[in-house]
Amino acid sequence: MLKQVLLDNPLLVRHVRSNLRPPRAGYLAGIIVSLSSLLMFAGYKAGGLGSSGFFCFFFGVQALALHFAGTSQVASSISASNDSGILDFHRIAPLSPTATTLGFMFGGAVREHLVALVLLPFTLACSLLSDVVIVGFLTSTIVLISTTLLFHALSLTAGLVARKGKTRNVNSVLSILVFGAGACTGMTTVGIPIPGMLSVGPAFMEAVNGAAPRNAIPAATFFGIQLPVFLQSLCYQIPLTLFLVVATTRRMKSATAMFFSKSTAVAFLATIAALSLGGVIKHPRLNAVWLVPMLAYVEFIIAAFMILAITPTHGRYQGGARRAKRRGMGRAPLWQDDSSNRAAVVVMASLLLATVQVIQTLVPALNIDARFWRVAGTAASVVTYFGFATQYYSLKYQNRGKLVLMMFLFLFWMLPLFVALLLGTILQQEDFAFHVACISPFFGIGAGSWGAFIFAASMAAIFFALLTMKEREVWDALSIREIVKADELADDASDNPFQ
């Protein structure tokens, strides 16, 4: 099985033959070896190999090649195949979706893998000659590989989502996400493991700060256990990588398939919530003032992406409702891909409230008061009305549903921030500006005010009613069509001269 998926994978072989032709690959490897050797010789003459500076340089070049250039190449590769129609050929070819996913995932950045592999002996030599030693080299390299798989799986997903000709925009967004994850490395020491633990930064700092991994960042814990940071990084990265591989495999199988099933999307959000709690429980440096809002924002963002991934279009919803009606069911099963997202949205919103309850139960020292429950309630309400609005606009406006949803989000998520800025800076109406800004979840979730909570809860109730009526309207329309079709068949069977 492994041989068929990797070694005998025609996609991987094609990428290797295309990007690693003997002259080109040889010149690239020769240039890297020559420059690295000259740099090592200069460090030896200067007596600087005993410090960790050279290890940091070579390791940083590997990370740049794999995380930035490699991630961009994977997204470009899958986007080019999707734009040209080659991806549709792979879907009907006798190649499993898993093999197709891994072929693009490992083959798209094969040139960057070669660069990292050529630099590996120099990184090892620098670690042995410095205080990083072999332990730091092994732990940081393992996390580098794990982080590379995570970012490449993310770029593969983004490339499948991107529209034709939008590869440049995808690469820009991916670069921002990779840089942002690395910039949040310091947040792991104060109880916010995501997104910092999704980068190689914590394990790299652990390797540089000491040979014994457990002594590098003592504040970072995993469910109260003082694990080495590189193991904590793997605990955060491996599950998310597997979820992304599952999503891309579903889309590789069919161009119209959802990235996630509803149960998988809920499991993904539950995993994010559980991993976030892993950095909170028994952590010595916690501050409820920013901890609860930060966790709420992280789960809110992930939930929004999951909602977009599981919400069926009007055509898919009608098809699911039609199949349910043929089976004599009163509605389509709530957890099928073609059914409404209502049940999954409610469960996701409940997870946000459950996170605060778990924190209050297991970390009583935080003294979570009513304000933080309003933060969680606002985030849950925003997730609820965003999910219901996404499904409602998809059913009501069909192909224009995404455009109408974007207009709605601009009016209620972005415009209030600009209006509040105008009121606060020019008109000096600070109190009124605060309440206007609370309409937007970007400010309202962290504010934790009653106004933000009441507005979000009201919007959730309104869109729940609108969505319920729209779903009933679609169901009744199908019933009327069946009645008309039955009448037409009855008329055709009769000898009506007026037919």
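Owing to the predicted nature of the structure, the values given are computational and were not obtained by experimental measurement.
Looking at heavy atoms from C-beta onward, Pro293 lies out of side-chain contact with Ile445 at the 4.5 angstrom threshold. For the pair Leu156 and Leu244, the minimum side-chain heavy-atom distance is 4.5 Å or more. Between Leu395 and Gln391, the closest side-chain pair of non-hydrogen atoms falls below 4.5 Å. Looking at Ser440 and Phe412, their side chains never come closer than 4.5 Å, going by heavy atoms from C-beta outward. Residues Pro202 and Met197 have side chains in contact (heavy-atom distance under 4.5 Å, counting atoms from C-beta outward). Side-chain contact check for Met258 versus Pro312: some heavy-atom pair is nearer than 4.5 Å. In this structure, His314 and Tyr397 have side chains that are not in contact, with every pair of non-hydrogen atoms separated by 4.5 Å or more. Two residues are said to be in side-chain contact when any heavy atoms from C-beta on lie closer than 4.5 Å; Val245 and Thr249 meet this criterion.
The minimum heavy-atom distance between Asp131 and Ser52, with the atom names listed, is OD1-CB, 4.0 Å. The nearest pair of heavy atoms linking Val143 to Ser233 is CG1-CB, 4.0 Å. In terms of heavy-atom proximity, Ala321 sits nearest to Trp475 at O-CZ3, 3.6 Å. The nearest pair of heavy atoms linking Val266 to Leu351 is O-CD1, 4.0 Å.
The aromatic rings of Phe463 and Tyr385 sit parallel to each other, their planes meeting at less than 30°, with 60° as the upper class boundary. Using cut-offs of 30° and 60° for the angle between ring planes, the Phe442 and Phe300 rings count as perpendicular.
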Check step by step if side chain to side chain donor-acceptor pair (under 3.5 Å) holds for Thr123 and Gln62.
CA-CA 9 Å; Thr123 309; Gln62 287 180 297; 3.1 Å; yes

Output, in order, the C-alpha distance, side-chain angles, deciding distance and verdict of side-chain contact (heavy atoms from CB on, under 4.5 Å) for Cys438 and Phe443.
CA-CA 6 Å; Cys438 286; Phe443 180 83; 3.9 Å; yes

Any chance you could lay out the side-chain contact (heavy atoms from CB on, under 4.5 Å) test for Thr468 and Arg342, step after step, and finish with the verdict?
CA-CA 9 Å; Thr468 302; Arg342 281 190 299 169; 3.5 Å; yes

Kindly indicate, with the supporting measurements, whether the criterion side-chain contact (heavy atoms from CB on, under 4.5 Å) is fulfilled by Leu423 and Val419.
CA-CA 6 Å; Leu423 293 173; Val419 175; 4.0 Å; yes

Verify side-chain contact (heavy atoms from CB on, under 4.5 Å) between Val74 and Phe104, making sure each step is shown before the conclusion.
CA-CA 7 Å; Val74 172; Phe104 280 106; 5.6 Å; no

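Side-chain contact of Thr313 with Gln398: a donor-acceptor pair under 3.5 Å is absent, judged by distance alone. A side-chain N or O of Ser340 and one of Glu471 form a donor-acceptor pair less than 3.5 Å apart. A donor-acceptor contact closer than 3.5 angstrom links the side chains of Ser261 and Thr264. In the model, Glu299 has no side-chain atom that pairs as donor or acceptor with a side-chain atom of Ser276 under 3.5 Å.
Ring centers of His152 and His113: under 6.0 Å apart, within the cut-off. Between Phe55 and Phe59, the gap from one ring centroid to the other is short of 6.0 Å.
Annotation: Trp413, atom CH2; neighbour count of heavy atoms from other residues, nucleotides and ligands within 6.0 Å is above 12. Remark: Phe305 CZ is loosely packed, at most 12 non-hydrogen atoms of other residues, nucleotides or ligands lying under 6.0 Å away.
Between the Lys262 side chain and the Gln336 main chain, a donor and an acceptor come within less than 3.5 Å of each other. Remark: side-chain polar atoms of Tyr393 are not paired, donor with acceptor, to backbone N or O of Lys402 under 3.5 angstrom. Not a single donor-acceptor pair under 3.5 Å links the side chain of Thr311 to the backbone N or O of Leu308. Panel note: side chain Ser146, backbone Ile142; no donor-acceptor pair is recorded below 3.5 Å. Judged by distance alone, the side chain of Ser339 and the main-chain N or O of Leu334 form a donor-acceptor pair under 3.5 Å. Under the 3.5 Å distance criterion, the side-chain polar atoms of Thr139 are matched with a main-chain donor or acceptor of Val135. Not a single donor-acceptor pair under 3.5 Å links the side chain of Glu430 to the backbone N or O of Gly424. In this structure a side-chain-to-backbone donor-acceptor pair under 3.5 Å is missing from Ser77 to Gln73.
When each of Arg316, Arg322, Gln318 is paired with Asp338, the side-chain hydrogen bond (donor to acceptor under 3.5 Å, both in side chains) condition holds for Arg316 and for no other.
Cation-pi geometry between Arg251 and Phe259 is met: the NZ or CZ atom falls under 6.0 Å from the ring centre, inside 45° of the normal.
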